[in-house]
Amino acid sequence: MRILLVEDDRAIAAGLSYSLGTEGYEVIVCPTAAEARRALAEETVDLCLFDLGLPDGSGFELCRLAKQREDLPVIFLTALDDEGSVVMGLDMGADDYITKPFRLRELLSRIKSVLRRYGRAEALRGTIEIGDITIHTLEAKVTRGREEIPLTALEYRLLLTLAAHPGQVLTRGQLLEGIWDIAGNFVGDNTLTVYIKRLREKLGDDMQNPTIIRTVRGIGYQLTAGGRAHG
């Protein structure tokens, strides 16, 4: 499931891209209207998140293009909460309108609701392949071939967080953030090491020379097997 995120605030864009990635979405980030127009013309997109105020255009213009292209689902993200802007956006065909600042869980709920209305809920999650290991995100399970690898909820979320950013080195803080809603205060920096060890054991990773989850000393961990997502 691919989301086009158009946001000129790089800090907000980076945070949303990371958070949506941990939920299994593939995010295309564009900081300008020009880049967004290119993405709409060249990329396959399932849903659009548009900031209204952009340095070289507006979310209204992009909404019109997205609807003309193939009636793509559109959610506006904006600091403008006046009634006129809301009505204008919805009249142009936007599916929802969320005002900054907002909670991530609220945004995720709105995304799922819009996708259901478009009949795309079944494609909300797909599979992610890591070598001979497959993450079935719809069923929240992991398999090697036909054999299921039993993971706890925390181990599964930890693996999903890594798989959402293949090849990227994630800090220990980012990984802890990715499992916060499951672990809360019960998992800290030290116990994260224990859970990484357990995850490696269950995945059959070589503990002396891991080839799936690599330790980057002083920083964090990296998924090295190259995850491939399928919608």
Side-chain angles (χ1 to χ4, degrees), residues 1-33 35-37 39-40 43-54 57-126 128 137-140 153 157 160-161 164-165 174 177-182 229 231:
M1 179 62 65
R2 306 184 86 196
I3 292 179
L4 174 61
L5 170 61
V6 183
E7 170 61 67
D8 63 325
D9 187 312
R10 295 190 181 277
I12 293 176
L16 280 177
S17 178
Y18 172 77
S19 298
L20 291 170
T22 63
E23 294 294 323
Y25 297 100
E26 181 180 351
V27 184
I28 303 169
V29 179
C30 296
T32 65
E35 290 181 51
R37 286 192 290 270
L40 284 170
E43 302 284 353
T44 299
V45 175
D46 297 290
L47 181 138
C48 303
L49 297 177
F50 292 150
D51 185 14
L52 275 184
L54 297 167
S58 76
F60 293 133
E61 171 204 355
L62 296 176
C63 178
R64 186 181 298 111
L65 287 175
K67 292 299 179 180
Q68 288 175 349
R69 177 188 168 188
E70 53 177 285
D71 193 22
L72 290 170
V74 172
I75 298 176
F76 282 136
L77 308 177
T78 178
L80 302 174
D81 61 352
D82 63 280
E83 185 177 355
S85 295
V86 174
V87 171
M88 182 184 299
L90 296 178
D91 283 349
M92 292 181 65
D95 300 277
D96 209 341
Y97 192 109
I98 186 166
T99 305
K100 303 173 185 176
F102 52 83
R103 295 179 183 274
L104 177 62
R105 289 296 158 193
E106 179 185 1
L107 175 61
L108 290 172
S109 176
R110 301 281 190 96
I111 288 173
K112 291 176 183 178
S113 176
V114 169
L115 289 171
R116 279 195 296 270
R117 294 204 299 270
Y118 277 74
R120 303 187 185 198
E122 69 279 359
L124 186 58
R125 304 285 182 87
I128 302 173
T137 55
L138 188 63
E139 298 90 355
R157 178 59 69 87
L160 190 63
T161 301
H165 304 84
Q174 287 174 316
E177 181 182 337
I179 60 177
W180 179 259
D181 57 343
I182 294 176

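Heads up: numbering here begins at 1 and tracks the sequence. Quick caveat, the model's predicted, so the values are computed rather than measured.
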Closest heavy-atom pair and its distance - C30, A39:
SG-CB, 4.0 Å
E7 side chain near L49 side chain, heavy-atom distance below 4.5 Å:
no
Rounded to the nearest 0.5 Å, how far apart are CG of L40 and CG of L62?
6.5 Å
Testing the basics here: between S17 and L5, what is the closest heavy-atom pair and its distance to 0.1 Å?
N-CD2, 4.3 Å
Is there side-chain contact between L54 and V6, with heavy atoms separated by less than 4.5 Å?
yes
Would K112 and E23 count as a salt bridge (charged side-chain N to carboxylate O under 4.0 Å, His left out) here? Give the steps.
CA-CA 11 Å; K112 291 176 183 178; E23 294 294 323; 5.1 Å; no
State, yes or no, whether a side-chain contact exists between L108 and S19 at a heavy-atom distance under 4.5 Å.
no
Less than 4.5 Å apart, any side-chain heavy atom of K100 and any of D51?
yes
When you look at I75 and V114, which way does the side-chain contact (heavy atoms from CB on, under 4.5 Å) test go after all the steps?
CA-CA 8 Å; I75 298 176; V114 169; 4.0 Å; yes
Would you call R110 and D95 a salt bridge, taking side-chain N to carboxylate O under 4.0 Å as the test?
no
Evaluate side-chain contact (heavy atoms from CB on, under 4.5 Å) for V74 paired with C63, printing each intermediate quantity in order.
CA-CA 7 Å; V74 172; C63 178; 4.1 Å; yes
So, do L47 and L115 sit near enough that their side-chain heavy atoms are less than 4.5 Å apart?
yes
Could you tell me if the side chain of V27 sits less than 4.5 Å from the side chain of L4, heavy atoms only?
no
Chi angles and distances behind the side-chain contact (heavy atoms from CB on, under 4.5 Å) call for M1, E26:
CA-CA 6 Å; M1 179 62 65; E26 181 180 351; over 6 Å; no
4.5 Å side-chain heavy-atom contact, Q174 and Y18
yes
Minimal non-hydrogen separation, L72 against K67, with atom names
O-NZ, 2.9 Å
Correct closest heavy-atom pair for F50 and A66 would be CE1-CB, 4.2 Å
Can you check whether D46 reaches P73 side chain to side chain, under 4.5 Å on heavy atoms?
no
Run the ring-centre check on F60 versus F76 and record whether the distance is less than 6.0 Å.
yes
Can you check side-chain contact (heavy atoms from CB on, under 4.5 Å) on I111 and L20, steps first, answer last?
CA-CA 10 Å; I111 288 173; L20 291 170; 3.9 Å; yes
